[in-house]
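Note that the coordinates shown come from a computational prediction; the quantities given were computed from them, not determined experimentally. So you know, we letter chains A, B, ... as the sequences are listed, proteins then strands, and number each from 1.
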Protein chains: 2
Amino acid sequence: MTGNDPVYLRVVEELRAQIVDGTLPPGAPIPSRAQLTQRFRVGETAARHALRVLAAEGLIIGKVGSGHYVREKSVLYPLQRCRYIDHDAPFAADMQAGGHRATWDWRSDQTKAGRDVARRLRLDEGDPVIRTRYVFRTEGRPMQLATSYESGDLGRAQPFPEEGTNGRKSLLARMSAAGVKITDIRESVHTRVPQPIESDLLDLPTGVHVLHVERTHWSGERPVETSDIVVPGDRFRLVYSVPMGA
Amino acid sequence: MTGNDPVYLRVVEELRAQIVDGTLPPGAPIPSRAQLTQRFRVGETAARHALRVLAAEGLIIGKVGSGHYVREKSVLYPLQRCRYIDHDAPFAADMQAGGHRATWDWRSDQTKAGRDVARRLRLDEGDPVIRTRYVFRTEGRPMQLATSYESGDLGRAQPFPEEGTNGRKSLLARMSAAGVKITDIRESVHTRVPQPIESDLLDLPTGVHVLHVERTHWSGERPVETSDIVVPGDRFRLVYSVPMGA
DNA sequence: TTGGTAAAGTTGGGACTCCAAGTCTTCGTC
DNA sequence: GACGAAGACTTGGAGTCCCAACTTTACCAA
């Protein structure tokens, strides 16, 4: 059982163990391809494959011309760099960067609802919707992509107004101005491989997945806005906090 | 810019486009290595690498001896196969499989709090905690791993009792029996590469990440239970739904 | 028609090799 | 001492071959 599994796994497992237990601390150089072939008595293919697997796992990072290095912990787990929820007002605050400079960019346009958006907003395919695409940056680095859809009949024409830095507050303001009261927010979270555009915009290294949040604001039985929020899976934690009201 | 990027990317991009636009529908066979080398005039390495990338992205699946096939949509997005939250009682119900047979297995023991658990339960490292490890299965397939920690001083000795199939209900029962009222639940969600044990227990194909949920039950200002919940990232959606109480 | 076998095709692991582009270090020159 | 070029080393892309294990298909015999 242990004797006949692939040889590259032996290399992966030994290196991984050393990284996890701290023998190889963050920043430490990993033996090069040439060194691995000697040390483990394997071919270059196996050594190379082992390094690729560890890189895909996010444990090491390869610098061409220099070598592979153990990834810094801070990159792996920058805990709560961005809180998703505010304790006092659950689900009320949008993403806020924890103490870092943050900027939003967005662009609104009108388009037709696709199948997915139509389902989520209870519209028919092809109905007009207002689409707003956001890019959220902290320290200049893109950190979050969001695309928001509102059904086109909700009486709102002006481009994004007041409260420029907070998409949600301005949404709530517009909604209440239109007489719509948000009663309920539903989110669905899953993880997947980034699409090429996303890994481009978010500047993702290979092997990093994204968290995809589908958030829908409801007014009674009617969905009024839905958005797709995409963040790098290794740099973010979504934090939910909900009081258990009796 | 487009002329000198890796040739394997050409293969990846063409196949990915055909999969996304439906030219290659779910279940359709992907050209084999040999065919790809001919069609794209590339070496075996490039063809093989392209297939590996697409497999890692979850778009295709390789069957040894047979070929690569476009993955079924249902496998990619089995939407709400498992709801995480019940609409009537937000954060009250634990995972419920949507109409599928589901079983829990668990084992409790007493251990010492590690650094992470100590921080989350506001204990000191080394303090006694009760650890319960769960494996959740639907249709026989393991679908969720959970490890729950309660501080050891919460007056509970008997092995798991009543309400066997629902870890959370039994927790609440025990808690209320001990006079502890849960006021608040906080969760933190991120995604990462599965640890070897996890990919083993959850039977994960390579390239699939996991969603890691850290859930803590609070009683006022005091955390009383914390758990790590690990689910396959490609088969699950966590669904949160919270009414916006005035 | 059915059963079984053989051949052809496919994946996944592995070994070598070559090369371009980048980094690091060393050493000699100014 | 400062500077710069050369050489050694490293990664990542790419090609070729080989092999074991497995699936699919085709064909032949009962």
Side-chain angles (χ1 to χ4, degrees), chain A residues 1-16 19 24 27-71 196 199 204-208, chain B residues 1-15 19 24 27-71 196 199 203-208:
Chain A
M1 215 171 189
T2 31
N4 59 344
D5 47 52
V7 295
Y8 81 89
L9 271 186
R10 235 181 55 221
V11 185
V12 167
E13 274 158 18
E14 175 150 343
L15 289 177
R16 183 160 47 207
I19 294 168
L24 288 168
I30 299 287
S32 72
R33 260 164 29 188
Q35 290 172 311
L36 286 178
T37 53
Q38 282 201 333
R39 277 236 321 239
F40 288 88
R41 296 304 174 94
V42 295
E44 212 194 297
T45 314
R48 186 188 285 229
H49 194 47
L51 291 172
R52 195 163 352 105
V53 167
L54 289 170
E57 291 184 4
L59 287 173
I60 66 177
I61 190 161
K63 291 193 202 305
V64 24
S66 172
H68 284 92
Y69 301 89
V70 180
R71 237 175 157 196
S199 51
L204 295 176
T206 53
V208 170
Chain B
M1 218 174 184
T2 31
N4 59 344
D5 47 52
V7 294
Y8 82 87
L9 270 187
R10 236 181 55 224
V11 185
V12 167
E13 273 158 20
E14 176 151 340
L15 290 177
I19 293 169
L24 287 169
I30 300 289
S32 71
R33 257 163 33 187
Q35 289 172 311
L36 287 178
T37 54
Q38 281 201 334
R39 278 237 318 243
F40 288 88
R41 297 305 176 94
V42 296
E44 207 193 298
T45 314
R48 187 189 286 226
H49 193 46
L51 290 172
R52 197 164 349 106
V53 167
L54 288 170
E57 290 184 3
L59 287 172
I60 66 176
I61 190 160
K63 291 193 202 304
V64 21
S66 172
H68 283 92
Y69 301 88
V70 180
R71 238 176 159 193
S199 51
D203 196 22
L204 295 176
T206 53
V208 170

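- Annotation: of the two residues near DNA chain D, A/Gly67 and B/Lys63, the 5′-most nearest-nucleotide partner is A/Gly67.
- Closest non-hydrogen pair, B/Tyr8 versus B/Ala46, comes out as CB-O, 3.6 Å.
- Here the side chains of B/Val12 and B/Leu54 are in contact, with some heavy-atom distance below 4.5 Å.
- Between A/Val64 and B/Gln35, the residue whose closest nucleotide on DNA chain C is further toward the 5' end is B/Gln35.
- Atom CZ of residue A/Arg16 and atom CD1 of residue A/Ile60 lie 11.0 Å apart, to the nearest 0.5 angstrom.
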Under 3.5 Å, which protein N or O atoms sit close to an N or O of nucleotides 15-19 of chain C? Give each pair with its distance.
{"residue": "C/dA15", "atom": "OP1", "partner": "A/Gly43", "partner atom": "N", "Å": "3.1"}
{"residue": "C/dA15", "atom": "OP2", "partner": "A/Gly43", "partner atom": "N", "Å": "3.0"}
{"residue": "C/dA15", "atom": "N7", "partner": "A/Thr45", "partner atom": "OG1", "Å": "2.4"}
{"residue": "C/dC16", "atom": "N4", "partner": "A/Thr45", "partner atom": "OG1", "Å": "3.4"}

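- Direction of the helix axis in the helix from C/dT1-D/dA30 to C/dC30-D/dG1 shifts by 0° between the two five-pair termini, rounded to 10°.
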Test side-chain contact (heavy atoms from CB on, under 4.5 Å) on B/Leu36 and B/Leu51; report intermediate values, then the result.
CA-CA 10 Å; B/Leu36 287 178; B/Leu51 290 172; 3.9 Å; yes

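- In this structure, the CG atom of B/Leu36 is 8 Å from the P atom of C/dT11, given to the nearest Å.
- First and last contacts of DNA chain D with chain B, using any nucleotide atom under 4.0 Å from a protein heavy atom and ordered 5' to 3', fall at D/dG13 to D/dT24.
- Nearest heavy-atom pair, B/Ala47 versus B/Thr37, reported as atom, atom and distance to 0.1 Å: CB-CG2, 4.0 Å.
- Atoms NE2 and CZ, on B/His49 and A/Arg52 in that order, are 6.0 Å from each other to the nearest 0.5 Å.
- Whole-Å rounding puts the B/Leu51 CG to C/dG12 P distance at 8 Å.
- Within the 4.0 Å cut-off from OP1 or OP2 of C/dT10, at least one side-chain nitrogen or oxygen of B/Ser32 is found.
- Taking CD of A/Glu44 as the start and CZ of A/Arg48 as the end, the distance is 5.0 Å to the nearest 0.5 Å.
- The NE2 atom of B/His68 sits 10.5 Å away from atom CG of B/Leu15, with the distance rounded to the nearest 0.5 Å.
- Counting heavy atoms from C-beta outward, A/Ile30 and A/Ile19 have side chains that approach closer than 4.5 Å.
- Atom P of nucleotide C/dC24 and atom OH of A/Tyr69 are separated by 6 Å, given to the nearest angstrom.
- At distances below 3.5 Å, at least one donor-acceptor pair connects side-chain atoms of A/Gln35 with backbone N or O atoms of A/Ser32.
- As judged by a 4.0 angstrom heavy-atom cut-off over every strand, B/His68 is placed among residues touching the sugar-phosphate backbone only.
- In this structure, the side chain of B/Arg10 engages the main chain of B/Phe40 through a donor-acceptor pair within 3.5 Å.
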